[in-house]
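These notes concern the structure reproduced below.
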Amino acid sequence: MSRLFVLLGATAVGKSTMAISVARSLECPILSCDSRQFYREMSIGTAVPSLKQRAQAHHYFIQDRSVQEPLSAGEYEKEALSVLRDVYKVNNSAILVGGSGLYINALLYGMDDLPSNKALREVLSQRAKTEGLRKLATELKELDIDTFQAIDQSNPARVIRALEVSLLAGVPYSSLLTKSKTERDFKIIKIGLRAPRQELYDRINLRVDQMMVEGLEQEARRVLPYRELSSLQTVGYREMFDYFDGRITREQATELIKRNTRRYAKRQLTWMRPDTEIQWFDRDDFQPIMHYIDGID
RNA sequence: AGGGGUGUAGUACAAGGGCUAGUAUAGUGGUCUCCAAAACCAUUGAUGGGGGUUCGAAUCCCUCCACCCCUG
């Protein structure tokens with residue numbers, strides 16, 4: 001059976017480097033699962049692997065599209081499955097590396113085939129602003145009482161998405177969720193990279209300082225015209241946009257990027273923590289990881 | 001060394017001798033079926049040490065300690 005090694009961990013823990021080491025050892029390709037490294041306009045702020053790094057192993061889903069063509073979790077699932085099918089024709093192994101939990105779950109377990117309509121979502125989003133979220137929540141209550149009670153009613157994203165699906169499908173959103181995982185025809189091995197919290201935060205702070213030196217400001221200026229796109233609702237860019245608007249100073253922006261990256265890392269850890277399938281290793285434990293991999297099948 | 005000043009949460013500040021020491025921010029925990037590096041929810045934590053006055057002290061007094069400023 002083909003194998004997919006899933007390399008997980010918080011941002012800046014060292015996933016990319018470890019993935020390349022493992023890929024070279026296994027002589028297999030890497031599929032990135034980082035919902036911001038998909039886009040070629042974003043390099044510095046997403047800490048995308050360098051060209052030199054990418055030359056050491058074949059990478060998929062790294063800067064292969066524009067921010068103007070966003071890739072959703074469901075679309076990623078389909079495209080990544082297609083890539084994996086091709087990879088497994090010639091190779092028994094592949095590595096999935098990244099920090100976008102929802103996208104990883106989409107590929108590993110599948111997503112229910114829910115309807116989607118960007119225009120409708122936009123309308124609902126506007127109505128939430130003008131009429132208030134409570135109004136939309138009340139409408140959701142009539143269409144889908146189960147979801148209304150289950151979700152956080154003050155969370156616009158949840159309310160809008162549930163309403164969008166219920167309206168499009170003509171049946172309650174909750175009735176479409178199967179809650180079952182799709183079985184894949186490859187073996188999934190999850191490997192987590194960890195580091196002490198303080199060390200992780202130090203690495204984040206250092207990395208942000210480096211980004212500023214490398215020209216994050218110039219990069220952010222180039223994508224400023226696309227600031228409304230969801231792909232630009234990203235740590236490192238939003239803060240620079242605020243700086244360009246004159247709302248904060250460059251120094252404040254740098255500090256906010258650090259803080260928001262730390263928070264992002266914390267949310268990633270919260271997301272991964274309950275997953276008992278993850279075998280955890282220290283961030284640079286290459287040999288123990290290879291030993292673990294060799295012991296599988 | 002002498003004189004002056006300041007010590008409240010990780011940080012910045014508030015509390016005229018009287019409610020459970022407050023606010024901001026950081027930090028922490030959590031939610032999650034395609035906007036997810038998003039969105040949202042919840043929450044820990046402090047009066048520098050010791051003594052005194054008082055029914056009652058962050059607040060007044062003494063002392064020690066730490067830091068800052070000035071003089072040398």
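Bear in mind the structure is a predicted one, so any value in this text is a computation, not a measurement. Just so it is clear: chains get the letters A, B, ... in the order the sequence lines come, proteins before strands, and each one is counted from 1.
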Tell me whether the OP1 or OP2 atom of [N] has a side-chain N or O from [X] closer than 4.0 Å.
{"X": "A/Arg36", "N": "B/A36", "result": "yes"}
{"X": "A/Arg262", "N": "B/A26", "result": "no"}
{"X": "A/Tyr76", "N": "B/C35", "result": "no"}
{"X": "A/Tyr109", "N": "B/U33", "result": "no"}
{"X": "A/Arg259", "N": "B/U25", "result": "no"}
{"X": "A/Arg197", "N": "B/U28", "result": "yes"}
{"X": "A/Tyr264", "N": "B/A39", "result": "no"}
{"X": "A/Arg263", "N": "B/A36", "result": "no"}
{"X": "A/Arg267", "N": "B/A36", "result": "no"}

Would you measure the distance from the [atom1] atom in [N] across to the matching atom in [M] and give it in whole Å?
{"N": "B/G72", "M": "B/G10", "atom1": "C1'", "value": "37 Å"}
{"N": "B/G56", "M": "B/C70", "atom1": "P", "value": "42 Å"}
{"N": "B/A58", "M": "B/A14", "atom1": "C1'", "value": "11 Å"}
{"N": "B/A26", "M": "B/A12", "atom1": "P", "value": "15 Å"}
{"N": "B/G22", "M": "B/G45", "atom1": "P", "value": "12 Å"}

Counter-base of B/G18, judged by Watson-Crick or G-U geometry with both distances under 3.5 Å: B/C55
Complementary nucleotide of B/G27, counting Watson-Crick and G-U pairs under 3.5 Å: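 Answer to the pairing question: B/U43, which forms a Watson-Crick or G-U pair with B/G27.
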Does the side chain of [X] come under 3.5 Å of the side chain of [Y] through a donor N or O and an acceptor N or O?
{"X": "A/Asp152", "Y": "A/Ser154", "result": "yes"}
{"X": "A/Tyr173", "Y": "A/Glu164", "result": "no"}
{"X": "A/Arg121", "Y": "A/Ser116", "result": "yes"}

Quick check for you: among [options], whose closest atom lies nearest to any side-chain atom of [X]?
{"X": "A/Gln233", "options": "B/U33, B/G27, B/A38", "result": "B/A38"}
{"X": "A/Tyr173", "options": "B/C35, B/C34, B/G29", "result": "B/C34"}
{"X": "A/Arg121", "options": "B/A39, B/C35, B/C32", "result": "B/C35"}
{"X": "A/Arg161", "options": "B/A39, B/C34, B/C32", "result": "B/C34"}
{"X": "A/Leu114", "options": "B/C34, B/C35, B/G27", "result": "B/C34"}

Salt bridge present between A/Asp282 and A/Arg194 (N-O < 4.0 angstrom): yes
Salt-bridge criterion met for A/Arg221 and A/Glu217 (N-O under 4.0 Å):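 Yes.
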Donor/acceptor link under 3.5 angstrom from A/Ser230 side chain onto base of B/C35: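 Result: no qualifying N/O pair found.
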Base B/U31 paired with A/Asp152 side chain (donor-acceptor, <3.5 Å): no
5'-most by nearest nucleotide on RNA chain B - A/Val235 or A/Gly110: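 On the 5' side of the pair lies A/Gly110.
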Closest-nucleotide 5' rank along RNA chain B - winner of A/Asn260 and A/Thr270: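 Whichever sits nearer the 5' end wins; that is A/Thr270.
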A/Arg65: which of A/Glu79, A/Glu75, A/Glu41 passes salt bridge (charged side-chain N to carboxylate O under 4.0 Å, His left out): A/Glu79
Sugar-phosphate, base or nothing in reach of A/Gly236, heavy atoms under 4.0 Å: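 No contact at all - A/Gly236 keeps every heavy atom at 4.0 Å or more from the nucleic acid.
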